[in-house]
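These notes are about the structure you will find just below.
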Amino acid sequence: MLARCFEPFNHGCRPVAAYLPAAQARLYNDRPMIKRASLHSLGCRLNQAETSVLASQLRRQGYALVDFGEPTDLLVVNTCSVTEEAERNCRYAIRKTLKHSPDAFVAVTGCYAQTGLQSLRNIPGIDLIVGNQFKSDLPSFLPPPQILRKQPAPEVLHTKSIDRHDFVLPEFGESHSTRALVKIQDGCNVMCSFCLIPFARGRERSRRVDDILSEATALAAAGHHELVLTGVNIGQFSQGGVTLAGLIDRLEGVHGIQRIRLSSIEPTTVTDGLLERMGASRKLCPYLHVPLQSGDDAILNAMNRPYDVQTFISLVERATARVPDLTWGTDVMVGFPGESDSAFERTVDVCRQLPFSYFHVFTYSRRPGTAAARMTGTVPVNVARLRAKTLADLSRDKRFAFAERWIGSSVAVLFESGTTEGLRLGTTRHFLRVAVSSETQLANQIHPVIITGASDRWAVGHILN
């Protein structure tokens, strides 16, 4: 039966011809059919890095990759479960695809597949559900491309627990971004009361150093200049006696890589050793995105965040003193159970006073199974929305002030592909978004730019000759 090919670790599946009549088997052998595959990633940069690995595996299996939204024979959705909206976006992606490709085989993986298995079983059109334990092996559980077809019910590969061992990737992703995402870590041991990630991704574990260096070398050979290190809790990277700071030391030795950037990192894991390297390094970008979540100690305690406001402020002061021109970004949550008007105002005050160049604003989303889901003191939806707007407006002001600060300066910009509103965009080491007007293709090139103006989205300038 075809279903046997979905069983984990079963590598004894018969060849395609074994499932087909002789004449039809000859047709497939003589004139193989090219199947199209579309991948859709929801949520964090870590998901994006993992999706690029899945894309490489599917391409190696003979699939022709097409953009999400185009007609396809296979849809792979790498899901997120951080918010209810993220789960809703997964369901929308499936409906959208089946509307234009009703016979598409739909495979769902990622955090929603791990935590929302029963819900996914009831969504029409899903053919395969793969939990996070088996995510990186998803392509091996698909039927052979030539006999890919809809299933009467979804096949499921799922375990409640996830391995805690150090890991390697089955294949390196082929990044289509100028800033290549590199997964170095997975899982989290910090049980924040609002968060499903420890349940969705398991406990902390790190990727083997030699595997990371091999991918970095391959990305450099492919022409990438910047690596973005991603994970759930990257500050906890530890493999074979090598910490995050030690890993950065090794990555700096990769020829061709000019920038190394950290993605979001927890405040309690920003060590003095890491700050020393950031202050002295020519490659490690002077940029930290450190989640604050709230500027009120009572709310931080209810969130089970392992720091208080003063500890966070002290980190900012210590880091800013050690790293010249250090750029800060953060995450802030509004509407957490029990958040009073005064607690929210304290958050606004902290966000206004600290030198953030921007912040991502999230509205609390109740996640069944978390400690916060059992808390009282629900914040009305309309109040939470007004608070989110207040912080979003403040973030725009911060972005404008950050861009304005660079007017008159010459900065090195790594440009992206394509154009936005007729402008070519790129980023600096400090994560300043820069737009220039140019008829020349600039993708994946670093050019000096003089900054002449600012907006709340990016700085504007012109390339120096």
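- Residues Leu227 and Ala216 share a closest heavy-atom pair of CD1-CB, 3.7 Å.
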Q: Kindly determine whether Arg387 and Asp341 satisfy salt bridge (Lys or Arg N to Asp or Glu O under 4.0 Å), including the steps that lead there.
A: CA-CA 9 Å; Arg387 291 175 181 176; Asp341 290 341; 2.7 Å; yes
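- A donor-acceptor pair shorter than 3.5 Å can be found between the side chains of Tyr112 and Arg91.
- Salt bridge Arg305/Glu266: present, at least one basic N to carboxylate O contact under 4.0 Å.
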Q. Step by step, would you call Lys398 with Asp456 a salt bridge (Lys or Arg N to Asp or Glu O under 4.0 Å)?
A. CA-CA 8 Å; Lys398 290 270 189 176; Asp456 60 8; over 6 Å; no
Q: Assess whether ring-ring contact (aromatic ring centres under 6.0 Å, His included) is satisfied between Tyr358 and His289, documenting all intermediate values.
A: CA-CA 9 Å; Tyr358 69 91; His289 183 103; 5.6 Å; yes
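- Salt bridge absent: Arg429 and Asp325 never bring a charged side-chain N and a carboxylate O closer than 4.0 Å.
- Ion pairing between a basic and an acidic side chain is recognised when a charged N comes within 4.0 Å of a carboxylate O; Arg457 and Glu421 show such pairing.
- Of the possible polar contacts, one joining the Glu339 side chain to the Gly335 backbone as a donor-acceptor pair under 3.5 Å is found.
- Proximity of Thr363 to Arg385: side-chain heavy atoms (C-beta onward) are nowhere separated by under 4.5 Å.
- Judged purely by distance below 3.5 Å, without hydrogens or angles, the side chains of Asp308 and Thr311 pair a donor atom with an acceptor atom.
- With hydrogens and angles ignored, the 3.5 Å screen pairs a side-chain donor or acceptor of Asn304 with a backbone N or O of Met191.
- For the pair Arg205 and Gln239, the minimum side-chain heavy-atom distance is 4.5 Å or more.
- Asp166 and Arg208 are not joined by a salt bridge, as no carboxylate oxygen comes within less than 4.0 angstrom of a charged side-chain nitrogen.
- When only modelled atom types and interatomic distance are considered, Asn132 and His158 share no side-chain donor-acceptor pair under 3.5 Å.
- Ser136 contributes no side-chain N or O that, together with a main-chain N or O of Pro170, makes up a donor-acceptor pair within less than 3.5 Å.
- Judged by a 6.0 Å distance limit and a 45° cone about the ring axis, Lys160 is not positioned over the six-membered ring of Phe199.
- A donor-acceptor contact shorter than 3.5 Å links the side chain of Ser314 to the backbone of Gln310.
- Put simply, the side chain of Gln236 never gets that close to the backbone of Val232: no donor and acceptor are under 3.5 Å apart.
- Counting only N and O atoms by type, the side chains of Asp296 and Thr347 include no donor and acceptor under 3.5 Å apart.
- Between Val182 and Thr230, the closest side-chain pair of non-hydrogen atoms is not below 4.5 Å.
- Using a 4.0 Å cut-off between a side-chain N of Lys or Arg and a carboxylate O of Asp or Glu, Lys283 and Glu252 do not qualify as a salt bridge.
- Contact check on Arg352 versus Asp349 returns a salt bridge, with a Lys/Arg side-chain nitrogen under 4.0 Å from an Asp/Glu carboxylate oxygen.
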Q: Give the C-alpha distance, both sets of side-chain angles, the deciding distance and a yes or no for salt bridge (Lys or Arg N to Asp or Glu O under 4.0 Å) between Glu204 and Arg164.
A: CA-CA 7 Å; Glu204 292 166 359; Arg164 302 185 182 186; over 6 Å; no
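- Salt bridge Arg433/Glu416: present, at least one basic N to carboxylate O contact under 4.0 Å.
- When all heavy atoms are compared, the tightest approach of Trp458 to Thr420 is CH2-CG2, 4.1 Å.
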Q: Please test Lys183 against Glu50 for salt bridge (Lys or Arg N to Asp or Glu O under 4.0 Å), starting from the C-alpha separation and ending with a verdict.
A: CA-CA 8 Å; Lys183 177 179 178 177; Glu50 293 167 339; 2.7 Å; yes
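- For the residue pair Ser340/Ser342, the side-chain donor-acceptor check at 3.5 Å is satisfied.
- Using modelled atom types and a 3.5 Å distance limit, the side chains of Asp331 and Gln293 yield no donor-acceptor pair.
- Of the inter-residue distances, the one linking Tyr92 atom OH with Thr97 atom OG1 reads 9.5 Å to the nearest 0.5 angstrom.
- In the model, Asp163 has a side-chain atom that pairs as donor or acceptor with a side-chain atom of Gln133 under 3.5 Å.
- Of the possible donor and acceptor atoms, none in the side chain of Ser56 sits under 3.5 Å from a partner among the backbone N and O of Glu171.
- A 6.0 Å sphere centred on CZ of Arg203 holds more than 12 heavy atoms belonging to other residues, nucleotides or ligands.
- Across all non-hydrogen atoms, the minimal contact from Val290 to Trp328 is CG2-CZ3, 3.7 Å.
- The line from CD1 of Ile212 to CD of Gln185 is 10.0 Å long, rounded to the nearest 0.5 Å.
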